[in-house]
Amino acid sequence: MGTAIINFSNFIDGIDGLLSSTMFFVFINIIFINKSTYLIPIIGSIFAFYFFNKTPAKVFMGDIGSTFLGSLFFFEIIRANNLYDAFMIFSVSFPIMSDAFLCVIRRYINNENIFRPHNKHLYQRLVKSGYSHTKVTTIYSIACIIILLTCFTGNTIMILFSLLLITIFGIIMDKN
């Protein structure tokens, strides 16, 4: 699971601002759940980095930055006090992690080499269909914010409902 999260973080770093904006909300959630105050400077760095990484990007995260954030994210999941907290930590990343996971599964089912480069993630197909980097990043960020806010309620049903709504929205976006 750790290797998948780290690689999926790298996969998502494909358009301007996407990984930095979504990980910003993921790490805010982690601070509240795991009380990981050491992440405050990381969140500040991600926030500052985003302004140089948004469209048109002046700097890029690259493999080092994306794998670092993925590793830190996975570390916090395994550091969670219990399975419910781990679920809540992972939940906010659902829009980006499910995109990467479903892309790998889809490519495997279609007998494509999952280790070869491609442009089949939903975020990549949305950009190809005419959505701007900014619009796609905003869509994913809003999805993360919705899940983050439901995590703050601590209501499992609300969290699951938000994940279901985000999934349905993703399916609709995938059909366009």
Side-chain angles (χ1 to χ4, degrees), residues 4-33 39-70 72-73 76-77 88-104 106 117-153 158-176:
I5 288 172
I6 293 165
N7 281 324
F8 289 176
S9 296
N10 190 26
F11 292 170
I12 293 302
D13 187 32
I15 64 171
D16 298 344
L18 182 59
L19 185 66
S20 57
S21 65
T22 54
M23 281 299 196
F24 176 80
F25 300 111
V26 167
F27 286 130
I28 286 174
N29 189 42
I30 291 170
I31 286 175
F32 284 100
I33 294 170
L39 288 176
I40 292 171
I42 299 290
I43 289 173
S45 299
I46 292 171
F47 184 75
F49 175 80
Y50 172 76
F51 288 99
F52 295 100
N53 185 237
K54 70 180 182 170
T55 303
K58 294 164 190 63
V59 288
F60 301 95
M61 191 172 299
D63 293 348
I64 298 299
S66 62
T67 56
F68 170 73
L69 292 179
L72 198 55
F73 175 46
E76 288 295 330
I77 290 171
M88 290 211 352
I89 288 169
F90 186 79
S91 292
V92 177
S93 74
F94 181 77
I96 58 174
M97 292 295 154
S98 63
D99 183 345
F101 177 75
L102 292 173
C103 183
V104 169
R106 180 183 289 164
H118 62 89
N119 292 321
K120 297 190 177 180
H121 290 280
L122 177 59
Y123 76 86
Q124 292 168 323
R125 290 183 287 119
L126 290 172
V127 169
K128 277 186 181 178
S129 72
Y131 286 86
S132 68
H133 285 215
T134 302
K135 189 172 227 174
V136 173
T137 297
T138 302
I139 290 167
Y140 278 80
S141 294
I142 289 171
C144 290
I145 291 168
I146 290 168
I147 300 166
L148 174 65
L149 293 174
T150 59
C151 283
F152 285 167
T153 69
M158 289 289 293
I159 296 167
L160 292 172
F161 184 70
S162 70
L163 295 176
L164 176 64
L165 285 179
I166 300 300
T167 301
I168 292 168
F169 182 73
I171 291 168
I172 292 169
M173 292 297 292
D174 193 32
K175 299 298 179 196
N176 289 340

Asks: Go through the structure and list residues passing side chain to side chain donor-acceptor pair (under 3.5 Å) with S20, not counting sequence neighbours.
Replies: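 Here the qualifying residues are N53.
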
Asks: What I'd like to find out is whether the side chain of V26 reaches to under 4.5 Å of the side chain of L69, using heavy atoms alone.
Replies: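 With C-beta onward as the side chain, the pair stays apart.
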
Asks: How far does NZ of K135 sit from OG1 of T55, to the nearest 0.5 angstrom?
Replies: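 Interatomic distance, K135 NZ to T55 OG1, rounded to 0.5 Å: 13.5 Å.
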
Asks: Do T138 and Y131 have side-chain heavy atoms sitting under 4.5 Å apart?
Replies: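 Side-chain contact under 4.5 Å: no.
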
Asks: Going by the rule side chain to side chain donor-acceptor pair (under 3.5 Å), which residues pair with K120 if we only count those two or more places apart in sequence or in a different chain?
Replies: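 Applying side chain to side chain donor-acceptor pair (under 3.5 Å) to K120 gives E112.
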
Asks: If you round to the nearest 0.5 Å, how far is CD1 of I89 from CD1 of I33?
Replies: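 It comes to 5.0 Å.
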
Asks: Could you state the interatomic distance from OG (S66) to CZ (F8), rounded to the nearest 0.5 Å?
Replies: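 Going from the OG atom of S66 to the CZ atom of F8 covers 13.5 Å.
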
Asks: Quick one: ring pair (Phe, Tyr, Trp, His ring centres under 6.0 Å) partners of F60, sequence neighbours excluded?
Replies: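 F60: no ring pair (Phe, Tyr, Trp, His ring centres under 6.0 Å) contacts found.
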
Asks: Can you confirm whether M23 sits close enough to S93 that some side-chain heavy atom of one is under 4.5 Å from a side-chain heavy atom of the other?
Replies: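 The answer is no, as the side chains (C-beta and beyond) never meet within the 4.5 Å cut-off.
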
Asks: Would you please name every residue forming a ring pair (Phe, Tyr, Trp, His ring centres under 6.0 Å) with H121, sequence neighbours left out?
Replies: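 F11, H118, Y123.
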
Asks: What's the separation between atom CG in D63 and atom CD1 in I6, rounded to the nearest 0.5 Å?
Replies: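 Those atoms lie 12.5 Å apart.
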
Asks: State, to 0.1 Å, how close A48 and F52 come at their nearest heavy-atom pair, and which atoms those are.
Replies: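 Scanning both residues, the minimum pair turns out to be O-CD1, 3.4 Å.
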
Asks: With a 4.5 Å limit on heavy-atom distance, are the side chains of D99 and Y140 in contact?
Replies: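 Contact flag for D99/Y140 side chains = yes.
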
Asks: Determine, stepwise, if the pair L39 / L72 fulfils side chain to side chain contact (heavy atoms under 4.5 Å, CB included).
Replies: CA-CA 9 Å; L39 288 176; L72 198 55; 3.6 Å; yes

Asks: To the nearest 0.5 Å, what is the distance between CD1 on I31 and CD1 on I40?
Replies: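 Spacing of CD1 (I31) from CD1 (I40) equals 4.5 Å.
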
Asks: Taking all heavy atoms of M97 and all of S9, pick out the closest pair and write down the distance.
Replies: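 Scanning both residues, the minimum pair turns out to be CE-OG, 3.5 Å.
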
Asks: Does some side-chain heavy atom of M173 sit less than 4.5 Å from a side-chain heavy atom of L126?
Replies: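 A side-chain contact under 4.5 Å exists here.
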
Asks: How long is the straight-line distance from CD1 of I15 back to OG1 of T137, given to the nearest 0.5 Å?
Replies: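 It comes to 4.0 Å.
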
Asks: Under 4.5 Å between any side-chain heavy atoms of V92 and F27, yes or no?
Replies: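 A side-chain contact is absent here, since even the closest heavy-atom pair is not under 4.5 Å.
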
Asks: Mind checking what makes side chain to side chain contact (heavy atoms under 4.5 Å, CB included) contact with S45, not counting sequence neighbours?
Replies: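 Here no residue qualifies.
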
Asks: Test your reading of the model: is there a side-chain donor-acceptor pair from H133 to the backbone of D16, 3.5 Å cut-off?
Replies: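 Such a contact is found between H133 side chain and D16 backbone.
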
Asks: Taking only residues two or more places apart in sequence or in another chain, which ones pass side chain to side chain donor-acceptor pair (under 3.5 Å) with Q124?
Replies: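 Q124 satisfies side chain to side chain donor-acceptor pair (under 3.5 Å) with no residue once adjacent residues are dropped.
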
Asks: List the atom of I12, the atom of I96, and the distance in Å for their closest heavy-atom pair.
Replies: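 That would be CD1-O, 3.4 Å.
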
Asks: Does S141 have any side chain to side chain donor-acceptor pair (under 3.5 Å) partners at least two apart in sequence or in another chain, and if so, which?
Replies: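 S141 satisfies side chain to side chain donor-acceptor pair (under 3.5 Å) with S21 only.
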
Asks: Which residues pass the side chain to side chain contact (heavy atoms under 4.5 Å, CB included) test with L102, sequence neighbours left out?
Replies: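 L102 satisfies side chain to side chain contact (heavy atoms under 4.5 Å, CB included) with no residue once adjacent residues are dropped.
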
Asks: According to ring pair (Phe, Tyr, Trp, His ring centres under 6.0 Å), who are the partners of F32, at least two apart in sequence or on a separate chain?
Replies: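 Only F152 meet the ring pair (Phe, Tyr, Trp, His ring centres under 6.0 Å) criterion with F32.
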
Asks: Can you name the residues that form a ring pair (Phe, Tyr, Trp, His ring centres under 6.0 Å) with F49, not counting sequence neighbours?
Replies: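 Result, ring pair (Phe, Tyr, Trp, His ring centres under 6.0 Å) vs F49: none returned.
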
Asks: With a cut-off of 3.5 Å and sequence neighbours excluded, list every side-chain donor-acceptor pair involving residues 160-172.
Replies:
residue, atom, partner, partner atom, Å
S162, OG, T150, OG1, 3.1
S162, OG, I159, O, 2.7
T167, OG1, L163, O, 2.8

Asks: Suppose the criterion is side chain to side chain donor-acceptor pair (under 3.5 Å): which pairs have a residue in residues 22-32, not counting sequence neighbours?
Replies: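 Listed by first then second residue: nothing to list.
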
